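In what follows, every chain begins at residue 1, and chains take the letters A, B, ... in the order their sequences are listed. Just so you know, these numbers come straight off a predicted model, no measurement behind them.
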Amino acid sequence: MPELPEVETIARGVDARVKGQRILDAWFSSLPQTFKTPPRRQAKALAGREILAVRRMGKHIVCDLGPKSPEERDRVISRSAGAKATLPDAQWIVHLGMTGSLLATTPKAPVAPHTHARLRLTSGMELRFVDPRRFGRLEFRALDRSPAFEPKGAEPLKISPAAFVQLFRGRQLSIKAALLNQWLLSGIGNIYADESLFRAGIRPDRRAGQLTRAELGRLREALRQVLRQAIRLGGSSVSDYVDANGDDGFFQFEHRVYQRTGQPCVSCSTPIRRIELAGRGTHYCPRCQK
DNA sequence: CATTTCACCTGGTGGC
DNA sequence: TGCCACCAGGTGAAAT
C-alpha cells in the first residue's frame with residue numbers, strides 16, 4: 001500500500017518523466033467515487049496545461065500546472081517581475097488510496113484493467129492512473145479559486161524533536177493509532193508504523209501520551225531511518241505497488257515485523273505476534289518491544 | 001471533544 | 001476443480 005516512501009518514489013519518477021511537458025488532452029472514467037472534482041470538469045481543466053513539477057506532500061502527489069493559454073501565461077510571468085519560471089496557477093492532486101498507481105507509459109502499452117485516467121502528453125507519453133480497489137482520489141484545483149494543497153499533518157522527515165514530542169502530549173490513544181492519524185503526521189501507514197515501532201523498541205498498544213521523551217526521541221529517529229531507507233530502496237512492493245515505470249521496490253525484504261506473524265524476531269528469535277489495533281493488523285515482537 | 005468503528009472496494013487466499 | 005466466505009487497509013463519516 002502506498003505510504004510515504006512509495007508515494008515519494010512515484011512522485012520522483014513521474015517528475016523525471018513528465019516535467020515540462022504539456023497535457024494535450026485527458027480521458028477519465030465515469031466512476032464517480034474516484035473523483036473529488038467531477039471527471040468532465042477535471043478533464044477539461046487539465047487539457048492544454050504544462051506540468052511544471054510533480055512532488056509528494058504527505059501521501060498525496062501534487063502536480064503543479066501552468067496556465068492554459070499563452071496570453072494567460074504571459075500575464076502571469078509579467079506579474080512576477082523577473083521570474084524566469086512559469087508560476088503554477090493550478091494543481092492536479094492524486095491520492096493513491098490502497099491500490100492506486102500512477103504510471104508514465106508509452107501510448108501503445110496495454111491499458112490495464114481499472115484504469116481511471118489517461119493524460120496524453122506532448123512528448124507522446126501518457127500518464128495513467130490505475131486503481132483496482134478505488135480508494136484513490138483525483139482532484140483539480142484552480143489556485144485563483146482554491147488554496148494550494150496542504151497536508152493535514154507534519155512531515156515525518158522534517159518535524160523537529162520538540163514538535164514531535166508535543167504532537168503526542170496528553171493523548172490517550174495507542175501510539176500505533178496516533179502514527180496512523182494523518183492529522184498528526186502525514187504519510188505513515190500500516191507498514192511503516194509497525195516497522196518504526198519495532199526499531200524503536202516500543203509496543204504498539206502503549207498510550208501515546210504515556211511515552212517518555214526518550215522513547216519519542218527514539219521513535220522519531222526510527223521513523224526517519226526507516227522512511228529514508230525505504231525511499232532509497234524504492235518502497236515496499238506488497239499488494240500491487242509499483243513505481244512510475246511499473247517496477248517493484250525492495251524494502252519488503254527489510255521488513256522485520258510487518259506480515260511476519262509467527263516467524264522468529266530477527267533480533268531475539270521470539271515469534272512475531274499479531275494483534276488488531278486501530279482496526280489494523282499490527283505486528284510486533286513481544287520481547288524486544290516494551 | 002477525543003477516540004473508535006464502520007463502509008467503501010476488488011483481488012487473492014484458503015477451506016471444503 | 002469450482003465456489004465462496006473472508007481478509008487486506010487509507011480515509012472520512014458516523015457512532016460512542
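Comparing A:Pro113 and A:Gly279 against DNA chain B, the residue whose closest nucleotide sits nearer the 5' end is A:Gly279. Between A:Lys36 and A:Glu276, the one whose closest nucleotide on DNA chain C sits nearer the 5' end is A:Glu276. For the pair A:Ser174 and A:Arg280, nearest-nucleotide mapping onto DNA chain B gives the more 5' position to A:Ser174. Mapping A:Arg133 and A:Trp183 onto DNA chain C by nearest heavy atom places A:Arg133 at the nucleotide closer to the 5' end.
Within 4.0 Å of A:Gly136, counting heavy atoms only, lies no atom of the nucleic acid at all. Within the nucleic acid shown, A:Met98 comes within 4.0 Å of at least one base atom, counting heavy atoms only. Within 4.0 Å (heavy atoms only), A:Tyr258 reaches sugar-phosphate atoms of the nucleic acid but no base atom.
Nucleotide B:dA2 holds its P atom 15 Å from the CZ atom of A:Phe168, rounded to whole Å. Atom CG of A:Leu184 and atom P of C:dT11 are 13 Å apart (whole Å). Distance CG (A:Leu138) to C1' (C:dG10): 15 Å, rounded to an integer number of Å. Between the CE atom of A:Met1 and the P atom of B:dG11 there is a distance of 15 Å, given to the nearest Å. Rounded to a whole Å, the CG atom of A:Leu179 is 14 Å from the P atom of C:dT11. The separation between A:Leu96 atom CG and C:dG10 atom P is 12 Å, rounded to whole Å. Summarising the geometry, the separation between CG on A:Leu31 and C1' on B:dT10 is reported as 12 Å, rounded to the nearest angstrom. Summarising the geometry, the separation between CD on A:Glu139 and P on C:dG10 is reported as 20 Å, rounded to the nearest angstrom.
Within 6.0 Å of the NZ atom in A:Lys44, the count of heavy atoms belonging to other residues, nucleotides or ligands does not exceed 12. Taking a 6.0 Å sphere around CH2 of A:Trp183, one finds it holds 12 or fewer heavy atoms contributed by other residues, nucleotides or ligands.
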Exercise for review: Take A:Gln229 and A:Phe251 through the test side chain to side chain contact (heavy atoms under 4.5 Å, CB included) and record every step on the way to the result.
Suggested key: CA-CA 8 Å; A:Gln229 190 191 358; A:Phe251 192 73; 3.7 Å; yes
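A:Ile61 places a side-chain heavy atom less than 4.5 Å from the side chain of A:Ile10. Counting heavy atoms from C-beta on, the side chains of A:Pro88 and A:Leu65 never come closer than 4.5 Å.
Rounded to 10°, the helix from B:dA2-C:dT16 to B:dC16-C:dG2 has 50° between the axis fitted to its first five pairs and the one fitted to its last five.
Minimum atom distance to the side chain of A:Arg274 is reached by C:dA8, of the listed C:dG10, C:dA8, B:dG11. When the nucleotides C:dG10, B:dC9, C:dG12 are ranked by their closest atom to the side chain of A:Gln33, B:dC9 comes out on top. Picking from C:dG10, B:dC8, C:dA8 the nucleotide with the shortest atom distance to the side chain of A:Glu3 gives C:dG10. Checking C:dG10, C:dG12, B:dC8 against the side-chain heavy atoms of A:Lys59 singles out C:dG10 as nearest.
The phosphate of B:dG11 (OP1 or OP2) has a side-chain N or O of A:His114 nearer than 4.0 angstrom. Remark: A:Arg134 is in phosphate contact with B:dT10, judged by side-chain N or O atoms under 4.0 Å from OP1 or OP2. Of the side-chain N and O atoms in A:His95, none sit less than 4.0 angstrom from OP1 or OP2 of C:dG10. Of the side-chain N and O atoms in A:Gln182, none sit less than 4.0 angstrom from OP1 or OP2 of C:dG10.
The closest side-chain donor-acceptor pair between A:Tyr258 and A:Ser236, if any, does not fall under 3.5 angstrom.
The base of B:dT4 does not come close enough to the side chain of A:Arg171 for any donor and acceptor atom to sit less than 3.5 Å apart.
Under a 4.0 Å N-O distance rule, the pair A:Asp89/A:Lys68 does not qualify as a salt bridge.
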Using a 3.5 Å cut-off and no angle test, enumerate the donor-acceptor pairs between side-chain atoms of residues 209-223 of chain A and protein atoms at least two apart in sequence or in another chain.
unit_1, atom_1, unit_2, atom_2, d
A:Thr212, OG1, A:Glu215, N, 3.0
A:Thr212, OG1, A:Glu215, OE1, 3.4
A:Glu215, OE1, A:Arg206, NH2, 2.9
A:Glu215, OE1, A:Thr212, N, 2.9
A:Glu215, OE2, A:Arg206, NH1, 3.2
A:Glu215, OE2, A:Arg206, NH2, 3.4
A:Arg218, NE, A:Ala200, O, 3.0
A:Arg218, NH2, A:Ala200, O, 2.9
A:Arg220, NE, A:Ile159, O, 2.9
A:Arg220, NH2, A:Ile159, O, 3.1

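Taking the six-membered ring for Trp and the full ring otherwise, the centers of A:Phe149 and A:His60 sit less than 6.0 Å from each other.
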